Amino acid sequence: MPADIRVVSLVPSLTESVAATAPGALVGATDWCSHPADLDVTRVRGTKNPDLEAVRALKPDIVLANAEENRAPDLDLLRAAGLRVWVTDIRTVDDAFTQLRAMLTEGCGLDVPAWLDEAERAWASVEPASPPLRAVIPVWRRPWMVVGRDTFTGDVLRRLDVENLYADHPERYPKVPVGELNAARPDLVVLPDEPYAFTAEDGPEAFPGVPCALVSGRHLTWYGPSLAEAPRVLRGQLENPMV
């Protein structure tokens, strides 16, 4: 493992992945990179508006990004400045395992971490527990937006016996009026605490008579060390909705 590699991460889950594998490798991360809690690196603003000059000033060996989280023009400018940019595009749980392994080993020159092997074992042992529940998965309100087609979040829930009612929508994160969401007659509404911070007092009241599962957004949407405990954490939350 190279002792002196310098990594800037523009994605919270990738930041956590590197921090859990080689803590000293990270020199920069976004303001949204909240795990680990004691992460002490230079902050380079957000995923959508990174401070490109600050990134360049850190002289990283590699910048980690994601096709959904980061804007292509920003990444192009970093490349034009001579920086090596590694872009992930993760839309399934299997994508996460494959691309995290490649990013850490080929991209960063690190050993395969134990947490990644543990996560693969955890998901390989997941078995269907019941007939799938038909669900809507809001990720924002004002306006209401839900998980649509071809998303990592949708694949996570599919593996946990939750069928996304908008999985065939033309858009990946469509805006859908709440009346239409209720008219779809879901068995369950899945309300994560990020990117919108749904709570018991903010979200369930919009779906009268429908069970609402408040779930950990980090376990539902992040691809990193949280994958190892995600099946257990999410299944427990999904099986105990508010009614």
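Keep in mind the model is a prediction, meaning the values are calculated, not measured.
In the hydrophobic cluster analysis, where Ile, Leu, Val, Met, Phe, Trp and Tyr join through side-chain heavy atoms closer than 4.5 angstrom, Leu214 is grouped apart from Val233. Residues Leu52 and Leu14 do not share a hydrophobic cluster, clusters being chains of Ile/Leu/Val/Met/Phe/Trp/Tyr side chains in contact below 4.5 Å.
Listed by chain and number, the residues in a side chain to side chain contact (heavy atoms under 4.5 Å, CB included) with Ala230 are Trp123, His219, Leu234 (sequence neighbours excluded).
Here the side chains of Leu157 and Leu220 are in contact, with some heavy-atom distance below 4.5 Å. In this structure, the side chains of Val112 and Asp117 come closer than 4.5 Å at one or more pairs of heavy atoms. Side chains of Leu26 and Ser9 form a contact here, defined as non-hydrogen atoms less than 4.5 Å apart.
For the side-chain contact (heavy atoms from CB on, under 4.5 Å) criterion with Leu10, the lone passing option out of Leu75, Thr15, Thr47, Asp74 is Leu75. For the salt bridge (Lys or Arg N to Asp or Glu O under 4.0 Å) with Arg91, the lone residue among Asp89, Asp95, Asp94 that qualifies is Asp89.
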*asked:* Show, in sequence, the C-alpha distance, side-chain angles and deciding distance for Glu118 and Arg232, and conclude whether the salt bridge (charged side-chain N to carboxylate O under 4.0 Å, His left out) test is met.
replied: CA-CA 13 Å; Glu118 181 184 350; Arg232 173 182 57 82; over 6 Å; no

_ring pair (Phe, Tyr, Trp, His ring centres under 6.0 Å) between Phe207 and Trp144, intermediate numbers included_ = CA-CA 12 Å; Phe207 303 94; Trp144 286 93; 5.4 Å; yes

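The two residues Phe198 and Gly203 have their closest heavy-atom pair at CD2-CA, 3.9 Å. Nearest approach of Leu39 to Ala29, heavy atoms of both residues: CD2-CB, 4.2 Å. In this structure, Ala20 and Trp115 approach most closely via the heavy-atom pair CB-NE1, 3.7 Å. A pairwise comparison of heavy atoms in Leu100 and Leu227 identifies CD1-CD1, 4.3 Å as the closest pair. For the residue pair Asp161 and Glu127, the shortest heavy atom distance occurs at OD2-O, 4.4 Å. Summarising the geometry of Cys108 relative to Val7, their closest heavy-atom pair is SG-CG2, 4.3 Å, with the distance given to 0.1 Å.
Salt bridge Arg84/Glu106: absent, no basic N to carboxylate O contact under 4.0 Å.
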Donor-acceptor contacts, no H, no angles, side chain residues 175-196, under 3.5 Å, sequence neighbours left out:
unit_1 : atom_1 : unit_2 : atom_2 : d
Asn182 : ND2    : Val178 : O      : 3.1
Asn182 : ND2    : Ala206 : O      : 3.0
Asp187 : OD2    : Arg134 : N      : 2.8
Asp193 : OD1    : Gly217 : N      : 2.8
Glu194 : OE2    : Trp222 : NE1    : 2.8
Tyr196 : OH     : Arg142 : NH1    : 3.0
Tyr196 : OH     : Asp202 : OD1    : 3.4
Tyr196 : OH     : Asp202 : OD2    : 2.7

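In this model, a donor atom of one side chain and an acceptor atom of the other lie less than 3.5 Å apart for Thr88 and Asn66.
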